[in-house]
Protein chains: 2
Amino acid sequence: METPVKEKARICPDAGRPANCDVCEVRANSICSDLGPREFVQVEKTMSRRHVAKNKALMVEGEPNDSLYVVVDGCFRLSKMLEDGRRQVTGFLFKGDFAGVRATEASAYTAEALNDGLVCYFPHSFLDEIAIDAPGVKDRLIRHGQTEYHKAQDHIVLLGKKNAEERVVSFIAMINERIGFDDGNGARRVPLPMPRQDIADYLGLRLETLSRTLTSLRESGRLLDVTRHSVTVPAA
Amino acid sequence: METPVKEKARICPDAGRPANCDVCEVRANSICSDLGPREFVQVEKTMSRRHVAKNKALMVEGEPNDSLYVVVDGCFRLSKMLEDGRRQVTGFLFKGDFAGVRATEASAYTAEALNDGLVCYFPHSFLDEIAIDAPGVKDRLIRHGQTEYHKAQDHIVLLGKKNAEERVVSFIAMINERIGFDDGNGARRVPLPMPRQDIADYLGLRLETLSRTLTSLRESGRLLDVTRHSVTVPAA
DNA sequence: CGAGTATTTGAAGATCATCAACTGTCGTGG
DNA sequence: CCACGACAGTTGATGATCTTCAAATACTCG
């Protein structure tokens, strides 16, 4: 039901210096876009970019966190645990997303790698410093916080009001918007980098219900194909 | 199932000038606590404090919003609608809470008064201005955004993983923390300023299920009393 | 190729939703 | 002041959806 591995990823090897920033494909969407050349001199000293192995955690619920993480490559799962071990997946991170917006003594959720990934670490002490010269950084954090909040509200509506089929359809649509692509035949291929259990835990359904719902969507033609790691939906 | 009244409350009469701020009971928890005497000169010109009648909306989902609202008195309901009219209540605001953290062309949710209340309106244009001199304002907005996000995540866990009884118990505990008080007999009285339907729409349950669950909690002694506008829980 | 894991499928059961009727409460007006 | 009407909340009976438990099948990695 849940992944026991909660080992922190801090000890991963360094994976390149900010010289990379110039060619970073997620930079435009990220905190970094608010930094000028002068700030990048500082970034060079403080930021680190690291490989994160599958199942390693960036942050663990209840443990302190002092960095902001920007996903350069890979996918991450955000989750919270109930005392009795029930797990709720609260979101997924893809390229360009970030987590850990504030330094804290007790993280509100756990962020774990769904596969091997690449992440930039920005210590908050450093961010506070550069925010003095680059006020856009704080504006971006406010905006980001709003966006996350609104996504959470959509999730609340999904869990509070939608039935199993609607939940699955909404989920696929969401992933499609984020990382779907045209297959050769005028349909959209939607990768599912996470196991069924994670999707079920996101949707507030049991694994079996999710599986049955996917099958029924395929049989009714609303999904053209269902495989372990992707689904195909008719073009919109 | 839903309240049709979505009339905006803008036209309500003015209810006092910032001279009131000196004695404002929610000031310590609010944006205003980050403002110095110099900023208050500006506040005096731009902020307005208004009575908001029961069922009037501060913000309406999908419509533009340009102010931050601080609840001085009264309770508010935050909600989102699905296209087919199903309504999900996403939260409640009490004294000192605020809504409308960013100016937007399309509000993500509706905020409506559960009873007659009193609200301070801060135009965002003004907030941006004073944030230049009072950087604490932005930090507070970031922090607030985080807090709201974490509350939303708790709501997600509630809807995704808890059964009806757990949901109701969690809800009562939450309201208790916020506005519960000791009754004379060593128990806690928890006001429920919102109708059952709003609670049900918050908890992702049907009205009838909520009612049955409250009854069963009372019969099992986990609630000492259940009335329309409050419940009583044994001291923690 | 084979072991272990992930996913699907099946059958039975529980929880919550639905439909319907009843009761309690509040405000208004005779 | 009480009666009435309207609305809010509770209770009952039945049913649908989703869960649970169980087993079979498909996939992945060494």
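Please read these numbers as outputs of a predicted model, since none were measured by experiment. Values reported hereafter were calculated over all heavy atoms of this structure, with side chains retained and with hydrogens, waters and symmetry mates removed. Letters A, B, ... are given to chains in the order of the sequence lines, protein chains preceding strands, and every chain is numbered from 1.
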Residues 212-233 of chain B vs ring-ring contact (aromatic ring centres under 6.0 Å, His included), sequence neighbours excluded, gives none
Going by the ring-ring contact (aromatic ring centres under 6.0 Å, His included) test, which pairs reach into residues 181-224 of chain A, not counting sequence neighbours? A:Phe92-A:Tyr202, A:His155-A:Tyr202, A:Phe171-A:Tyr202
Sequence neighbours excluded, which residues qualify as ring-ring contact (aromatic ring centres under 6.0 Å, His included) partners of A:His150? none
Residues in side chain to side chain donor-acceptor pair (under 3.5 Å) with [X], at least two apart?
| X | answer |
| --- | --- |
| B:Ser230 | B:Arg189, B:Thr227 |
| A:Glu166 | B:Arg86 |
| B:Arg228 | none |

Contacts under 3.5 Å, N or O only, protein and nucleotides 14-18 of chain D:
residue: D:dC18; atom: OP1; partner: A:Ala164; partner atom: N; Å: 2.8

Kindly calculate the angle separating the two end axes of the helix from C:dC1-D:dG30 to C:dG30-D:dC1, each obtained from five base pairs, and round it to 10 degrees. 40°
Which pairs pass salt bridge (Lys or Arg N to Asp or Glu O under 4.0 Å) with one or both residues in residues 88-98 of chain A, sequence neighbours excluded? A:Glu25-A:Lys95, A:Asp73-A:Lys95, A:Asp97-A:Arg178
Counting N and O atoms only, with roles assigned by atom type, does the side chain of B:Arg222 sit under 3.5 Å from a partner on the main chain of B:Leu217, one being a donor and the other an acceptor? no
Under 4.0 angstrom between B:Arg212 side-chain N/O and D:dT10 OP1 or OP2: no
Just jot down the salt bridge (charged side-chain N to carboxylate O under 4.0 Å, His left out) partners of B:Glu83, sequence neighbours excluded, or say none. none
I'd like to know if B:Gln197 reaches the base of D:dC7 with its side chain such that a donor and an acceptor end up less than 3.5 angstrom apart. no
Nucleotide N/O to protein N/O under 3.5 Å, stretch nucleotides 23-27 of chain D:
residue: D:dC27; atom: O4'; partner: A:Arg228; partner atom: NH2; Å: 3.4

Nucleotides bounding contact with chain B, strand DNA chain C, heavy-atom threshold 4.0 Å: C:dC16 to C:dT25
